[in-house]
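Just below is one structure, and these are the notes that go with it.
Scope of the values below: all heavy atoms of this structure, side chains included, with no hydrogens, waters or symmetry mates.
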Amino acid sequence: MEREGNVELKEGYGSIMDDEEEMRHFKNIVSAYVNYKYDSMVEVTRIERDFQSIGEHYRRFMKTDYRERITKLRAAIDKNYAFLKEIIREHLGIFAVKGPGEQIKLPFKIPPKDISKMRTTLKQFVRDWSAKGKAERDMCYKPIIDTLIQHFPDAKVNGERTRVLVPGCGLGRLVFDLACKGFAAQGNEFSYFMLLGSNFILNVVERAEAFEIQPFIHNFSNNFETNDPFEPHLIPDVNLKTLIPEDSDFSMVAGEFVEVYKAQLNTWDAIATCFFIDTANNIIQYIETIYNILKPGGVWVNFGPLLYHYAELTNECSIELSWEELRHVILQFGFEIKSEEVRQSTYIAEKRTMMSVMYNCIFFVAIKPTNPQTPVSSEKEVASPDKAKPTTDKGGAAAPKPGGGKSKKSPSKK
């Protein structure tokens, strides 16, 4: 098992260093990246052991020697690990040793849920940043982009760009595509798994197809052909540096959606939510926040199912409403629903598999009235909007600053 050498603590972690719980959570997520190869090789060892256990009597009936699978698995894990190491390279300073001669003690003990999230993050790169993920992006991102262009045909009016917020933006592709269309696009994300990945793609990678990954190697069920799990994917599918306009307005903000944006009353021209609103503990609070921060006449475009993320967590609040109930709540806040329909979409689906999940998603467009009621809030005090202002380099996305990603409120994606 490959081990990292001594590293020194870097400066520049800002407020995260002052929050012990936050720093612990951030370190746990980076640890899952660092430990990917070890955790994957544990599974390879199990596969090898199981094939050996059935004996030559049964193995002789197989089309190919099981050792070929093991060899390809190890090579694919190495390839994925090389990619993941690049993502967290600048953050390895958090594992600073205390004295001379001390080594980082690997492997780390990673919780199964974080191992699963790490592998899901790899698949997310295929969805957002590979050519083979375009079909899925066209199912859910394209209708949102087309709708926003329809409502705002001139993304820049009188020198000011139409401001679009994308909460729960994951690895940032929808935000990037909106910025390329001329919108002032800002993404918001809470998961450190996603923030680390988006920061790398948006701010570090300098050419198209810089990396090859094989993220589907961790599942050998429901495959038609032996090589299906080993399908390679080139990341990213575009050169971000040349595709986005130099004068673009494109930023990313790290933090929990409500906490970050609740003070930004009447600020945004449009809000795009894609596979997002069901990540709430209290979905009514999400609607309240969206309503309050939209400008009068602002547009809310939503695409996604209602697979409530906290529904099976007994220690978490989870308000689970049907679309009928949710639609009523949206109207009660004052929105006018201009259109609604059911559209189908997959989510990080494998190309060839015997089992595929297809979501029947609610795709709707809602408008905040031009003469809205006074914003409703159950909060006596709200945070300063300055907390949500990222530092943005011209023509690129601001590096997500560590902070606001505590584990107790960080649901995984679908």
Salt-bridge present (R74, E48; N to O < 4.0 Å): yes

Would a 4.5 Å heavy-atom cut-off, applied to side chains only, mark L73 and I47 as touching? yes

On a heavy-atom basis, the closest approach of M355 and T353 is O-CG2, 3.0 Å

Rounding to 0.5 Å, atoms CG (N203) and OG (S198) come to a distance of 8.0 Å

Query raised in the report: Between R161 and D247, does a salt bridge (Lys or Arg N to Asp or Glu O under 4.0 Å) hold up when you go through it step by step?
Result: CA-CA 11 Å; R161 296 184 184 275; D247 64 343; 3.0 Å; yes

Between the CD1 atom in I277 and the CD1 atom in I362, the distance rounded to the nearest 0.5 Å is 9.0 Å

- Message: Just checking F125 against H233, ring centres under 6.0 Å apart?
- Response: no

| field | Heavy-atom check, side chain of S356 versus side chain of M358, under 4.5 Å | value | no

Nearest heavy-atom approach of P167 to A272 is CD-O, 3.4 Å

dist E350:CD -> D228:CG (nearest 0.5 Å) comes out at 8.0 Å

Rounded to the nearest 0.5 Å, the CE atom of M354 sits from the OG atom of S221 at a distance of 10.0 Å

Contacts of E320 meeting side chain to side chain contact (heavy atoms under 4.5 Å, CB included) (sequence neighbours excluded), chain-then-number -> Y308, A311, S318

Exercise. Under 4.5 Å between any side-chain heavy atoms of N302 and F363, yes or no?
Worked result: no

With a 3.5 Å distance limit and no angle check, can you tell me whether E256 reaches the backbone of V258 through a side-chain donor-acceptor pair? yes

Subject >> R327 with E324: basic N within carboxylate O range, under 4.0 Å >> reply: no

*Below 4.0 angstrom, N of the basic side chain to O of the carboxylate: do D128 and K134 qualify?*
no

May I ask you to say whether D269 pairs ionically with K295, meaning some side-chain N is under 4.0 Å from a carboxylate O? yes

Going by the angle between their ring planes, with limits at 30° and 60°, are F83 and F200 parallel, tilted or perpendicular? perpendicular

In this structure, CZ of F183 is separated from CG of L148 (nearest 0.5 Å) by 5.0 Å

* **K37-N80 side chain donor-acceptor pair, cut-off 3.5 Å** => no

Residues passing the salt bridge (Lys or Arg N to Asp or Glu O under 4.0 Å) test with R163, sequence neighbours excluded, are none

Pairing of K72 and E68 as salt bridge, 4.0 angstrom limit:
no

Only one of V253, T267, N292 passes side chain to side chain contact (heavy atoms under 4.5 Å, CB included) with Y261, and that residue is V253

Side-chain heavy-atom pair E336, P369 within 4.5 angstrom cut-off: no

Between A185 and A179 the two heavy atoms that sit nearest each other are CB-N, 3.9 Å

- prompt: Does a side-chain N-to-carboxylate-O contact under 4.0 Å join K132 and E231?
  reply: yes

Quick note, side chain to side chain donor-acceptor pair (under 3.5 Å) partners involving residues 145-154, not counting sequence neighbours, are K142-D146

Those residues at least two apart in sequence (or on a different chain) that pass side chain to side chain contact (heavy atoms under 4.5 Å, CB included) with C180 are F176, L243, I244

- prompt: So, for W300 and Y291, is the gap between ring centers shorter than 6.0 Å?
  reply: no

Test your reading of the model: is there a side-chain donor-acceptor pair from Q285 to the backbone of N282, 3.5 Å cut-off? no

Say whether, by atom type as modelled, one donor and one acceptor occur between the side chain of S53 and the main chain of D50 under 3.5 angstrom.
yes

Worksheet item: Distance under 6.0 Å and angle within 45° of the ring axis: does R69 meet both against F51?
Response: no

CE (M194) and CD1 (I29) are apart, to the nearest 0.5 Å, by 10.5 Å

Sequence neighbours excluded, the answer for salt bridge (Lys or Arg N to Asp or Glu O under 4.0 Å) partners of D114 is none

Heavy-atom nearest pair, P232 first then Q214, reads CA-CG, 3.9 Å

**OP:** Report the C-alpha distance between F220 and N223 in whole Å, list the side-chain angles of each, state the deciding distance to 0.1 Å, and finish with yes or no for side-chain contact (heavy atoms from CB on, under 4.5 Å).
**Re:** CA-CA 6 Å; F220 283 90; N223 292 311; 4.2 Å; yes

- Task: Measure the shortest side-chain to side-chain distance between V44 and S40 over non-hydrogen atoms and say whether it is less than 4.5 angstrom.
- Result: no

Does Y192 form a side-chain contact (heavy atoms from CB on, under 4.5 Å) with V30? I'd like the steps, not just the answer.
CA-CA 8 Å; Y192 277 136; V30 177; over 6 Å; no

- Would a 4.5 Å heavy-atom cut-off, applied to side chains only, mark R127 and P215 as touching? no

(Q) Tell me if a side-chain donor or acceptor on K368 pairs with a main-chain N or O of L294 at a distance below 3.5 Å. (A) yes

Within 6.0 angstrom of E341 CD, more than 12 heavy atoms from elsewhere
yes

Taking every heavy atom of W323 against every heavy atom of L306, the minimum-distance pair comes out as N-CD1, 3.7 Å

When every non-hydrogen atom of V126 is compared with those of F216, the smallest separation belongs to CG2-CE1, 4.3 Å

Counting neighbours of CZ on R343 that are heavy atoms of other residues, nucleotides or ligands and sit closer than 6.0 Å, is the number greater than 12?
yes

Check the orientation of Y347 and F275. Use parallel for under 30°, tilted for 30 to 60°, and perpendicular for over 60°. tilted

For Q186 and W268, does a side-chain donor sit closer than 3.5 Å to a side-chain acceptor?
no

Residue pair Y38 / N35, side-chain heavy-atom distance below 4.5 Å: yes

List the steps and the verdict of side-chain contact (heavy atoms from CB on, under 4.5 Å) for I88 and L196. CA-CA 7 Å; I88 48 89; L196 288 167; 4.0 Å; yes

Can you tell me if Y36 uses its side chain to pair, donor with acceptor, with the backbone of R119 under 3.5 Å? no

- Give a yes or no on whether a salt bridge exists between R137 and D237, defined as a side-chain N under 4.0 angstrom from a carboxylate O. yes

- Looking at E43 and R46, does any basic side-chain N land under 4.0 Å from a carboxylate oxygen? yes

Residues passing the side chain to side chain contact (heavy atoms under 4.5 Å, CB included) test with A349, sequence neighbours excluded, are E136, T346

Between L174 and I144, does the side-chain contact (heavy atoms from CB on, under 4.5 Å) criterion hold? Intermediate values first, please. CA-CA 9 Å; L174 178 56; I144 293 174; 4.2 Å; yes

**Prompt:** With side chains defined as the heavy atoms from C-beta onward, is the minimum distance between I54 and R59 less than 4.5 Å?
**Reply:** yes

**OP:** Evaluate the ring pair (Phe, Tyr, Trp, His ring centres under 6.0 Å) criterion for residues F276 and F257: first the C-alpha distance (whole Å), next the side-chain angles of each, then the deciding distance (0.1 Å), finally the verdict.
**Re:** CA-CA 10 Å; F276 170 70; F257 169 58; 5.6 Å; yes

- Is Y33 reaching over with its side chain to a backbone N or O of F193, donor-acceptor style, under 3.5 angstrom? yes

